Amino acid sequence: MNVAVLGAGAFGTALAISLANKEPVTLWARDIGEMANERVNARRLPGGAFPENLSITDVCARACEAKVILIAVPMQKLRAFLIANQALLQGKTLVACCKGIELETGLGPVGVISQSVPDAVPAVLTGPSFATDIAAGLPTALTLACADDDICRTLQSTLTTDNLRLYRSTDTAGAELGGAMKNIIAIACGAAIGAGLGESARAALMTRGFAEMQRLAIYRNALPTTLAGLSGFGDLTLTCTSEKSRNYCLGLSLGRGIPFDATTTVEGAATALAVDALAREAGLDLPITTAVAALLERRIDVTQAMESLLTRPLKEE
Ligand SMILES: NC(=O)C1=CN([C@@H]2O[C@H](COP(=O)(O)OP(=O)(O)OC[C@H]3O[C@@H](n4cnc5c(N)ncnc54)[C@H](O)[C@@H]3O)[C@@H](O)[C@H]2O)C=CC1
Ligand SMILES: O=C(CO)COP(=O)(O)O
């Protein structure tokens, strides 16, 4: 099946490289720069050489001739991108590869696709995977979610490669919540480690953060079991423990009180504010998310964030 990837950031490029080792893939970039000549995305993924089967274009219409389209633009840019290219995307299967919740609406990628391109079939590809690992051919296991089980099975076999092992699910809400929420918790963990609060504090944040992920999942009619899989627990584990994670690194710099490059894609920053607003609206208790949102908005510092969590009323686990 013909596949295209829209968005040539680190992740889109890595997915295109892995898929092109199996079948022809078109990668669309807003600005292809020297990528066509150099056969590498030097800015976003240096070291990931393009296989022969990977063609790169800045003509979106050309890429959208493919039947299956992976979309790897940042979450807060997704809606504008879809609307701008709506006519090209109609009737396609659109696999969202971004992790986050839209700030203005509280929707995940599936909701945004459904509103912006109503006759497309939305799916989600998510789970623990650094772009650099995928591009290097290292083994990764991901969750592929689509509400239509037949389409999901076809997609699963199309998008599985030598180093991408995909597990399928029909629980799109659960899959996208795991990928979105783990970034918030990774910021909290980075902040704790950066401030010297220790690895025991990180373990506590990961575990109680996982409880928040399940709470939000239940509220949104997602399956808690999905959160226990690759898209939730799996990605939480990776992102909260690795300095390869941009979300974790943002947290580290908050904890250390040093500046962070504002041009870096850090999905957890907007998503923390989106989920905090959702929690207030729904009356949900998500204290770590609330603390991360306050930390990001500089309403509190790391010491106050930790204090706010440690002085909460005692409760049953
Ligand atoms: N980098 C990684 O290891 C992984 C990233 N992801 C997810 O993939 C998504 C993209 O992240 P990265 O590729 O890492 O980011 P990146 O920062 O490497 O690249 C973002 C790309 O999006 C493009 N872009 C931005 N605004 C756009 C717009 N309005 N229209 C079209 N293109 C636009 C940029 O030109 C750039 O190529 C995020 O949601 C991230 O959470 C998921 C798994 C792993
Ligand atoms: O989602 C990721 C790994 O699964 C990448 O994490 P960051 O966006 O924090 O770099």
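Just so we're clear, the structure is a prediction, and the values are computed from it rather than from any experiment. Both backbone and side-chain heavy atoms feed into the values below; hydrogens, waters and symmetry mates do not. Whatever order the structure lists ligands and atoms in, that order sets their numbers, starting from 1.
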Answer side chain, backbone, both or neither: which part of [X] comes under 4.0 Å from ligand 1, heavy atoms only.
X	answer
Ala8	backbone
Ala72	backbone
Phe81	side chain
Ala29	neither

Which atoms of ligand 1 are found less than 4.0 Å from any heavy atom of [X]?
X	result
Val73	31 (C), 32 (N), 33 (C)
Lys77	26 (N), 29 (N)
Cys97	7 (C), 8 (O), 42 (C)
Phe130	3 (O)
Ser129	3 (O), 43 (C), 44 (C)
Cys98	39 (O)
Ala131	1 (N), 2 (C), 3 (O)

Can you figure out which of Arg246, Arg30, Arg44 has its heavy atom closest to atom 12 (P) of ligand 1?
Arg246
Atom [atom1] of [X] with >12 non-hydrogen neighbours under 6.0 angstrom:
X	atom1	answer
Phe260	CZ	yes
Lys77	NZ	no
Glu297	CD	yes
Arg220	CZ	yes
Arg312	CZ	yes
Phe210	CZ	yes
Asp119	CG	yes

Enumerate the atoms of ligand 2 whose separation from the nearest heavy atom of [X] is less than 4.0 angstrom.
X	answer
Gly127	4 (O)
Arg246	7 (P), 8 (O), 9 (O), 10 (O)
Asn247	7 (P), 8 (O), 9 (O)
Ser245	7 (P), 9 (O), 10 (O)
Ser129	3 (C), 4 (O)
Asp235	3 (C), 4 (O)
Leu238	3 (C), 4 (O)

Do [X] and ligand 1 have an N or O pair less than 3.5 Å apart?
X	value
Trp28	no
Glu267	yes
Pro74	no
Ala10	yes

Going by distance only, is there an N or O of Pro128 that falls short of 3.5 Å from an N or O of ligand 2?
no
Looking only at distance, does Thr239 have an N or O less than 3.5 Å from an N or O of ligand 2?
no
Testing the basics here: between [X] and [Y], what is the closest heavy-atom pair and its distance to 0.1 Å?
X	Y	answer
Glu243	Cys249	O-SG, 3.1 Å
Gly179	Thr126	CA-OG1, 3.9 Å
Asp301	Leu295	C-CD1, 3.5 Å

Taking Leu223 as the fixed residue, which of Asn221, Leu227, Thr226 is the one that meets the side chain to side chain contact (heavy atoms under 4.5 Å, CB included) rule?
Thr226
Euclidean distance, Ile185 CD1 relative to Thr207 OG1, rounded to 0.5 Å
10.5 Å
Quick one: does ligand 2 sit under 4.0 Å from the side chain of Lys99, the backbone, both or neither, non-hydrogen atoms only?
side chain
Counting only heavy atoms, which portion of Val266 has something under 4.0 Å from ligand 2: side chain, backbone, both, or neither?
neither
[atom] [closest protein heavy-atom partner, distance rounded to 0.1 Å]:
atom	answer
atom 37 (O) of ligand 1	Gly9 N, 3.2 Å
atom 17 (O) of ligand 1	Thr265 OG1, 2.5 Å
atom 6 (O) of ligand 2	Lys182 NZ, 3.6 Å
atom 13 (O) of ligand 1	Phe11 N, 2.9 Å

Go through it in stages, so that I can follow the logic: the residues are Ile288 and Leu309, the test is side-chain contact (heavy atoms from CB on, under 4.5 Å), and I'd like the CA-CA distance, side-chain angles, deciding distance and then a yes or no.
CA-CA 7 Å; Ile288 300 172; Leu309 294 171; 4.1 Å; yes
Does a salt bridge link Glu212 with Arg215, judged by any charged N lying under 4.0 Å from a carboxylate O?
no
Within less than 4.0 angstrom of ligand 1, does Ala80 place any heavy atom?
no
Min heavy-atom dist Ala131 to ligand 2 below 4.0 Å:
no
Report yes or no: does Ala186 have a heavy atom closer than 4.0 Å to ligand 2?
no
Please assess Asn163 against Ser18 for the test side-chain hydrogen bond (donor to acceptor under 3.5 Å, both in side chains), listing each intermediate value before the final yes or no.
CA-CA 7 Å; Asn163 70 321; Ser18 180; 2.6 Å; yes
I'd like to know if the side chain of [X] reaches the main chain of [Y], judged simply by a donor and an acceptor atom lying under 3.5 Å from each other, with no hydrogens or angles considered.
X	Y	value
Arg39	Leu54	yes
Lys99	Gly127	yes
Ser116	Ile113	no
Gln76	Ile101	yes

